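Since the structure comes first, as structure tokens, the remarks are kept for the end.
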Protein chains: 2
Amino acid sequence: MSRGQQTKQRLLDSAQQLMYSRSYSDVGVQEICKDAKVQKGSFYHFFPSKSALTVEVLEQLKMQMIENILLPAFAKDLTPAKRFERFIEYAYQYQVQLKEEYGYVLGCPMGNIALEMSTQDETIRKKVELLFESIFEVFVDVLEDARAAGELENNSDINELAQAALAYGEGVLMLAKTRNDPELIKRLLPKVADLIGLKSTT
Amino acid sequence: MSRGQQTKQRLLDSAQQLMYSRSYSDVGVQEICKDAKVQKGSFYHFFPSKSALTVEVLEQLKMQMIENILLPAFAKDLTPAKRFERFIEYAYQYQVQLKEEYGYVLGCPMGNIALEMSTQDETIRKKVELLFESIFEVFVDVLEDARAAGELENNSDINELAQAALAYGEGVLMLAKTRNDPELIKRLLPKVADLIGLKSTT
DNA sequence: ATATTAGTTGACCGTTCGGTAAAGTCAACC
DNA sequence: GGTTGACTTTACCGAACGGTCAACTAATAT
């Protein structure tokens, strides 16, 4: 990785961490630069605006999420129901760790930005829309497996079920963040099985 | 209502509208004052800080939500299932209207603030927590009616079901806002019946 | 070796931020 | 009718905001 690439990467990493732990608006370009040990002029050498930086942060977030959470959790070594359970365990452990580190349950980084920025920055909104689409696709895939295996009691459209599961996951993370209590995830998220009609693993 | 009360009310109304249509951070006290036709000095006569104003805005929001949405939607003239349907219709119509007015689906005003501010302002987070509690209580009430009427197939703890329903509602509103598409509400929200195990109205 | 490009530095822009202070005006009560 | 306290007005504070610019240095390619 070239010198410039490294600088850019530090900016992306600092921005991702700071924005996730606080918010888009509360973190200024100045603070991102200070954290990344980069001068402000350099920031604007790599990014035309704070908004553009954020779009790249979101792209990086997507890749990390797919690689570190979605692929391992939904790997096909388990039954669809068990994959969801593994996903829930991942989400729970992660939020617990965040609470230890920051004192707060931070929730979903996409959801956070979506609600803060959707009415203010159209390119950010569109980008988050795409990130949700990535999760959606993974869910569709598991649900198809489940239906093929006869483990899906619900005969609704799989696209709708996937969207419902995504919405429910985001909602649970919102409540967990608002209550600052990661246990909500463990208590509530398993009910996604009822929502999509997954046969319980008895 | 006295002169001072009127001024304070204008500040609360302006802040509520502006923050809902954009965000907490993006709306300054200057802009709130201008919209309410109040001088900045007066603002700080009524509120010690922007944060304190926001807490009062949230209180007002709660009262409006209960009176204008929760009470009429969940009135006991219908079966529990039908009450939920009426609630969904209310939510849908409201977001359609907002999109016409502002060009954007604005989602849930509590959820928006919760995700933006929970890690930054503890008193705001606590207040939103209370607002969620208000909705939660209404849900518990309907669910008890449903169980008493034998219309609840799910025999889980009602508190958990109510929280799950709340989470799902918030999640759907988040997706609707991110996609800027109110139709998602109509398509997804009825699945709350599956989530909580409400017998379908056949 | 030199010219070109990529990246860095630090000072600077106008504007807005949340919040303060002090003087002035209004209405109500004695 | 004068006093009191609620409310309003206006000017102001230091700090931070997103963004720009021109000069400088480092790496690369010919």
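Residue numbering restarts at 1 for every chain, and letters A, B, ... go by the order of the sequence lines. On a predicted model such as this, the values are computed, not experimentally measured, just so you know.
- Separating the NZ atom of B:Lys50 from the C1' atom of C:dT20 is a distance of 18 Å, rounded to the nearest angstrom.
- Between the NZ atom of A:Lys34 and the P atom of D:dC17 there is a distance of 11 Å, rounded to whole Å.
- A straight line from CZ of B:Phe47 to P of C:dT20 spans 15 Å, rounded to a whole angstrom.
- When only modelled atom types and interatomic distance are considered, B:Gln120 and B:Tyr24 share no side-chain donor-acceptor pair under 3.5 Å.
- When distances are taken from the side chain of A:Gln39 to each of C:dG19, C:dG10, D:dG19, the shortest belongs to C:dG10.
- Among C:dA6, D:dT20, C:dG18, the nucleotide with an atom closest to any side-chain atom of A:His45 is C:dA6.
- Rounded to whole Å, atom P of D:dT8 lies 15 Å from atom NZ of B:Lys37.
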*asked:* Please evaluate residues A:Tyr20 and A:Tyr102 with respect to the criterion ring-ring contact (aromatic ring centres under 6.0 Å, His included), reporting the C-alpha separation (whole Å), side-chain torsions for both, the decisive distance (0.1 Å), and the verdict.
replied: CA-CA 11 Å; A:Tyr20 183 32; A:Tyr102 297 99; 7.5 Å; no
*Evaluate the criterion ring-ring contact (aromatic ring centres under 6.0 Å, His included) for residue pair A:Phe47 and A:Phe43; output intermediate values, then yes/no.*
CA-CA 6 Å; A:Phe47 305 101; A:Phe43 179 101; 5.6 Å; yes
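- Across all strands shown, A:Gly28 has heavy atoms under 4.0 Å from sugar-phosphate atoms exclusively, and none from any base.
- The two residues B:Ile69 and B:Phe87 make their nearest non-hydrogen contact at CG2-CE1, 3.7 Å.
- For B:Asn112 and A:Glu116, the side-chain atoms include no donor-acceptor pair closer than 3.5 Å.
- Atom P of nucleotide D:dT20 and atom CZ of A:Phe46 are separated by 17 Å, given to the nearest angstrom.
- Within the nucleic acid shown, A:Phe43 has no heavy atom closer than 4.0 Å to any nucleic acid atom.
- Residue whose closest nucleotide on DNA chain C sits further toward the 5' end, between A:Thr7 and B:Ser51: A:Thr7.
- One interatomic measurement links the two molecules: CD1 of B:Ile32 to P of C:dT16, which rounds to 15 Å at whole-angstrom precision.
- In this structure, the CG atom of A:Leu18 is 15 Å from the P atom of D:dA16, given to the nearest Å.
- For the OP1/OP2 pair of D:dT20 and a distance below 4.0 Å, the side-chain nitrogens and oxygens of A:Tyr44 include no atom meeting the criterion.
- Taking 3.5 Å as the limit, the base of C:dG19 and the side chain of B:Lys40 contain a donor-acceptor pair of atoms between them.
- Rounded to whole Å, atom P of C:dG18 lies 11 Å from atom CE of B:Met117.
- Mapped onto DNA chain D by nearest heavy atom, A:Tyr24 and B:Gln5 fall at different nucleotides, with B:Gln5 at the one closer to the 5' end.
- Of the side-chain N and O atoms in B:Gln30, one or more sit less than 4.0 angstrom from OP1 or OP2 of C:dC17.
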